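Whatever order the structure lists ligands and atoms in, that order sets their numbers, starting from 1. Quick caveat, the model's predicted, so the values are computed rather than measured.
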Amino acid sequence: MADLDDVQETKNYYTDVPQETEGFFLKGSNSYDWGMKNRLSRIFNPRSGKTVMLAFDHGYFQGPTTGLERIDLNIVPLAPYADTLMLTRGILRSNIPPSLTNSIVMRASGGPSILKELSNEDIAVSIEDSIRLNAAAMAVQVFIGGENESQSVLNMTKLVDQGTRYGIPTLAVTAVGKDMVRDAKYFRLATRMCAELGAHYVKTYYVEEGFDTVTSCCPVPIVIAGGKKLPELDALKMAYNAIQQGAAGVDMGRNIFQSEAPIAMIQAVRAVVHDNETPDKALDLYNTLRTS
Ligand code: R5P
C-alpha cells in the first residue's frame, strides 16, 4: 500500500526558470527524432562534434586484405581508441566482444567481389538484423557515375526509409570508380545527391583543391575515408586539412591498421580530429607512443 503519511509536498516549481530546449550539435540534424539523434551522438562526440570511425569492413568485397587477416589480434586492441567501429555483421558476431561499448556502423550493402563490377551491389542486411545488432547507423555504397548508379542510389534511399522507421541513420559512402576523376566538382555532386536523397551523413574522399566547397554545400556532416596507406605524417596532414575545411571526422582504415604502430596512429588521428592538433604535433605524439 502506498505510504500516504510521509509524502513531502513539492515546493519549488522554478517558475522563474524557463525550460531550455537545446539545439542539436550536428549539422543539418536538428529535425530528427530522439532515437536518431541519440544514435548520432554515439557516433559523433557531442563535445567536439567529430568522430574517429575505425573502418575495417574491407573484407566484404576484397577478403582478408593486409592488416585485416586476424580481426581479433589486429583490430580489437584498437577499439578503445575509436568512437565507432565500421564493420560487417559477420565480423561483428564472430570477432567483436559484445562487452565493447563503441557505437557500430554496419556495412549494409554488398554483392560483388573485386573480381566483378563493384557497383552491382544490393542491400545485404535486413533492418531487423541491424536493430538486433544494436547498430548506431547503416552504411551503403553509392556509385555516382558508376555503371549501376541508379541501383546503388535506390539501395541508399531504401535503407534511409527503413532506418528512419526505427531511428537508425544511414551513412552514404561515395565510391569512386576507376575511370572517374576524383575532384571537388565530382564530390560536390556525389555528396549533395546523397544528402538530398536522405542520407544522414556522407563519407567521401579528401581532395587537395576545393574540399571546403564540398563540405560547405553538403547539408549534412561529411567524414573522410583514409584511402591507400600513406606515410604517417601525410595521413595526419590529410585528416587535419579535412577537419579544418569542415569535415566532421574520419572513417579511416588502412592508414591506421596498416601503420607500423596502429595503436599510436589511432591516438594521433584522435588528437587531430578531436583536439585540432597540428599534424607535426600529432606525429610527435605518434612517435612518443610507439616507443613507449
Ligand atoms: C571501403 O569500401 C570501405 O568502405 C572502407 O570502410 C573505406 O574505404 C575506409 O577505409 P580506408 O580508410 O582504408 O579507405
Asks: Roughly how far apart are Ser113 OG and Leu118 CG, rounded to 0.5 Å?
Replies: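 Here the interatomic distance stands at 7.5 Å.
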
Asks: What residues form a ring-ring contact (aromatic ring centres under 6.0 Å, His included) with Tyr286, not counting sequence neighbours?
Replies: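 Testing Tyr286 for ring-ring contact (aromatic ring centres under 6.0 Å, His included), a comparison that skips the adjacent residues, returns none.
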
Asks: Under 3.5 Å between some N or O of ligand 1 and some N or O of Met252?
Replies: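 Min N/O separation from ligand 1 is not below 3.5 Å for Met252.
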
Asks: In terms of atom number and element, which parts of ligand 1 are under 4.0 angstrom from non-hydrogen atoms of Gly227?
Replies: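 This gives 11 (P), 12 (O), 13 (O), 14 (O) as the contact atoms.
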
Asks: If we only count N/O pairs under 3.5 Å, is Met86 in contact with ligand 1?
Replies: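 For ligand 1, there is no N or O atom that lies under 3.5 Å from one belonging to Met86.
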
Asks: Who's the nearest protein heavy-atom neighbour of atom 1 (C) of ligand 1, and how far?
Replies: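 Nearest neighbour among protein heavy atoms for atom 1 (C) of ligand 1, to 0.1 Å: Phe61 CE2, 4.0 Å.
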
Asks: Which ligand 1 atoms are under 4.0 Å away from a heavy-atom of Asp251?
Replies: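 Going through ligand 1 atom by atom, the ones under 4.0 Å from Asp251 are 9 (C), 12 (O).
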
Asks: Can you list the residues that meet the ring-ring contact (aromatic ring centres under 6.0 Å, His included) rule with His274, with sequence neighbours excluded?
Replies: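 So His274 forms no ring-ring contact (aromatic ring centres under 6.0 Å, His included) with any residue.
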
Asks: To which protein heavy atom is atom 5 (C) of ligand 1 closest, and what is the distance rounded to 0.1 Å?
Replies: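 Ranked first by proximity to atom 5 (C) of ligand 1 is Asp57 OD1, 3.2 Å.
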
Asks: Any idea which protein heavy atom is nearest atom 2 (O) of ligand 1, and the distance to it?
Replies: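 That would be Gln141 NE2, 3.3 Å.
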
Asks: Could Arg47 and Asp275 be called an ion pair, given the rule that one side-chain N must be under 4.0 Å from one carboxylate O?
Replies: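 Judged by the 4.0 Å cut-off on N to carboxylate O distance, Arg47 and Asp275 do form a salt bridge.
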
Asks: With the threshold set at 4.0 Å, does a side-chain nitrogen-carboxylate oxygen contact exist between Arg132 and Asp129?
Replies: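 Yes, this pair counts.
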
Asks: Cation-pi between Arg182 and Phe187: NZ/CZ under 6.0 Å from ring centre and within 45° of the ring axis?
Replies: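 The answer is no, since Arg182 fails at least one limit relative to Phe187.
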
Asks: Check if Asn255 has a non-hydrogen atom at a distance under 4.0 Å from any atom of ligand 1.
Replies: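 Distance cut 4.0 Å: Asn255 fails for ligand 1.
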
Asks: To the nearest 0.1 Å, how far is atom 7 (C) of ligand 1 from its closest protein heavy atom, and which atom is that?
Replies: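 Residue, atom and distance for the closest contact: Lys203 NZ, 2.9 Å.
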
Asks: Give the single entry among Arg254, Met53, Arg107, His58 that approaches atom 10 (O) of ligand 1 most closely by any heavy atom.
Replies: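 Considering heavy atoms of Arg254, Met53, Arg107, His58, the nearest to atom 10 (O) of ligand 1 sits in His58.
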
Asks: Run the ring-centre check on Tyr201 versus Phe44 and record whether the distance is less than 6.0 Å.
Replies: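 Between Phe44 and Tyr201, which both carry aromatic rings, the centre distance is below 6.0 Å.
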
Asks: Any nitrogen or oxygen of Ala55, main chain or side chain, under 3.5 Å from a nitrogen or oxygen of ligand 1?
Replies: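 Among all N and O atoms of Ala55, none is under 3.5 Å from an N or O of ligand 1.
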
Asks: Working to the nearest 0.5 angstrom, can you tell me the gap between Arg107 CZ and Thr88 OG1?
Replies: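 Atom-to-atom, Arg107:CZ and Thr88:OG1 are 9.5 Å apart.
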
